[in-house]
Amino acid sequence: MKKKVLLFILTILSLKGISQEKLDYGRTWVFMVGVLEWADAKTFASFDKRGRVDAKIMKFFEKQGVPTNQMLYIKDQNATTNVVREEFASFLKQAKKGDILFFYYCGHGYKNDGGKVCFANYKGADWTAEEIVKTVNENFAGNTALFTADCCNSGGLAKEVQKYKTRNYAALNSVVPTDVSTGNWTFSNALLYALEGRNFVDTDNNGAIQLGELSQYIDAEMAVVEGQKASYFIPTSMKNWTLSSGIKAKKNNRIGERVMVDYDGTDWLGFIEGVEVDNKLKVRFYSYTNNEVDIVEPSRVKPFKCASDFPIGASVKVYSTSDKKWYPAKVLKKFSCLHYIHYTEYDSEWDEWISPANIKK
């Protein structure tokens, strides 16, 4: 009986420990690669550097007091594969047991001839998701790492981290490993909002943002705003891992609601960031950087609704952007505004998530 009681107590203490785990900035190592231009400009189109969110994320960690020697940010022309590989391994080897790694990449993603997910550096050989996670496993003394990426095929990281069962490896990625991703900063902004402790990300309004909560927020953002399915993997030991705490409670339940705002007959998508004393709504609009904010009358605002909604099992037609044709398909499952479909005349390897714009009855 005593053994059973002791086991019960130890179990409760263990669960309590899991729920209290959080990002300790003094023990966090931040490695970021942001590439918005490439030597091979014909293959990889450049992105506008104005308002780049990767720099804002690095600035956030600086403000939180992460030691200078525990942060490395390589960007644009400096981010050749040779440099990134050398700096990454050297950086990781400096950490100690109990330390935490925050990994981030933004730019272009692709699959090489071998079918492996790669992240495009400024120039150089393929830098695969497989190599990235393996390098961390072999060189980082800490057992906990968060792999984030904002690019096409970025979900390759979520697939790779699952191979390391004894590690606390989690991944938050902008899209599934088989799909392209938006050129907007939607994913990176969602990540930054969570780190900053914005209350509209605290969906359960409990004063803290956990990793599991953020994954769901990102998933919804990418589905509604960009029409794509995010990809993530969070081990059970990290689902309640806290990214930010001490968040002020939302004073109005509409905060965080995605809405359409009328401007001279045209609706624009945004989300309610705050409610003013006169009940006017502070709306932040989705765009390349999400920098546009306006105070609007409630009468101009209506809830966001998905453009299309088909039940599971429904027969539909799906538009292919590659050959600009419609193909018969069947809905297998749904998430938010997205439909996961099977093409009637093709094998299951072609099953994929479809945005509202590319599906019809």
Side-chain angles (χ1 to χ4, degrees), residues 28-40 43-47 49 52-61 71-92 100-112 116-137 139-140 145-161 169-177 179-192 194-195 214-215 218 222 226 228 230-233:
T28 299
W29 293 73
V30 180
F31 186 85
M32 297 181 59
V33 177
V35 190
L36 302 186
E37 62 173 309
W38 289 265
D40 184 1
T43 301
F44 301 114
S46 297
F47 294 107
K49 296 181 182 180
R52 58 189 304 167
V53 180
D54 55 341
K56 294 178 182 179
I57 293 174
M58 178 55 75
K59 193 68 177 178
F60 167 82
F61 283 112
M71 295 184 292
L72 184 56
Y73 174 36
I74 309 174
K75 64 180 183 179
D76 302 332
Q77 294 185 24
N78 292 324
T80 65
T81 299
N82 287 340
V83 168
V84 169
R85 279 176 171 163
E86 182 178 349
E87 294 289 349
F88 193 30
S90 177
F91 178 80
L92 294 171
I100 301 165
L101 174 68
F102 177 88
F103 172 91
Y104 173 93
Y105 171 87
C106 68
H108 281 299
Y110 63 96
K111 282 193 173 184
N112 63 15
K116 293 185 176 181
V117 170
C118 304
F119 297 148
N121 291 313
Y122 178 72
K123 65 178 180 179
D126 293 340
W127 193 40
T128 67
E130 180 183 45
E131 176 188 340
I132 290 168
V133 181
K134 183 179 179 181
T135 301
V136 173
N137 182 61
N139 295 279
F140 190 69
L146 176 58
F147 296 83
T148 66
D150 193 354
C151 63
C152 296
N153 308 108
S154 55
L157 282 174
K159 186 176 180 180
E160 288 299 323
V161 298
Y169 286 175
L172 297 174
N173 310 136
S174 63
V175 73
V176 293
D179 212 345
V180 296
S181 187
T182 176
N184 297 327
W185 290 101
T186 306
F187 170 87
S188 294
N189 266 320
L191 181 61
L192 180 58
L195 291 170
L214 173 58
S215 68
I218 288 174
M222 301 311 294
E226 304 297 350
Q228 65 189 59
S231 180
Y232 58 88
F233 174 76

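Counting from 1, the numbers follow the sequence of the chain as shown. Everything numeric in this text was worked out from a predicted model, so none of it was measured.
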Which donor-acceptor pairs under 3.5 Å do the side chains of residues 119-126 make with protein atoms, sequence neighbours left out?
from, atom 1, to, atom 2, distance (Å)
Asn121, ND2, Thr81, OG1, 3.1
Asp126, OD1, Tyr110, OH, 2.5
Asp126, OD2, Asn112, ND2, 3.3

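For Glu226, the side-chain hydrogen bond (donor to acceptor under 3.5 Å, both in side chains) partners are Thr182, Asn184, Thr186, not counting sequence neighbours. Residues forming a salt bridge (Lys or Arg N to Asp or Glu O under 4.0 Å) with Lys116 (at least two apart in sequence, or on another chain): Glu130. Considering only residues two or more places apart in sequence or on other chains, Asp150 meets the salt bridge (Lys or Arg N to Asp or Glu O under 4.0 Å) condition with none of them. Looking at residues two or more places apart in sequence or on another chain, you find a side chain to side chain contact (heavy atoms under 4.5 Å, CB included) between Asn153 and Lys111, Val117. Phe88 is linked by a ring pair (Phe, Tyr, Trp, His ring centres under 6.0 Å) to Phe31, Phe103, counting only residues two or more places apart in sequence or in another chain. Checked against side-chain hydrogen bond (donor to acceptor under 3.5 Å, both in side chains), Ser181 has the following partners two or more places apart in sequence or in another chain: Ser174, Gln228. With sequence neighbours left out, the side chain to side chain contact (heavy atoms under 4.5 Å, CB included) criterion links Lys75 to Arg52, Tyr73. Take Lys134 and apply the salt bridge (Lys or Arg N to Asp or Glu O under 4.0 Å) test, not counting sequence neighbours, and it matches no residue. Remark: Ala145 engages Leu101, Val136, Phe147, Tyr169 in a side chain to side chain contact (heavy atoms under 4.5 Å, CB included) (not counting sequence neighbours). Glu37 meets the salt bridge (Lys or Arg N to Asp or Glu O under 4.0 Å) test with Lys49; sequence neighbours excluded.
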### Task
Apply the test side chain to side chain contact (heavy atoms under 4.5 Å, CB included) to residues Val175 and Met222: give CA-CA distance (whole Å), side-chain angles for both, the deciding distance (0.1 Å), then the verdict.
CA-CA 8 Å; Val175 73; Met222 301 311 294; over 6 Å; no
### Task
Verify side chain to side chain contact (heavy atoms under 4.5 Å, CB included) between Tyr105 and Val35, making sure each step is shown before the conclusion.
CA-CA 8 Å; Tyr105 171 87; Val35 190; 4.1 Å; yes
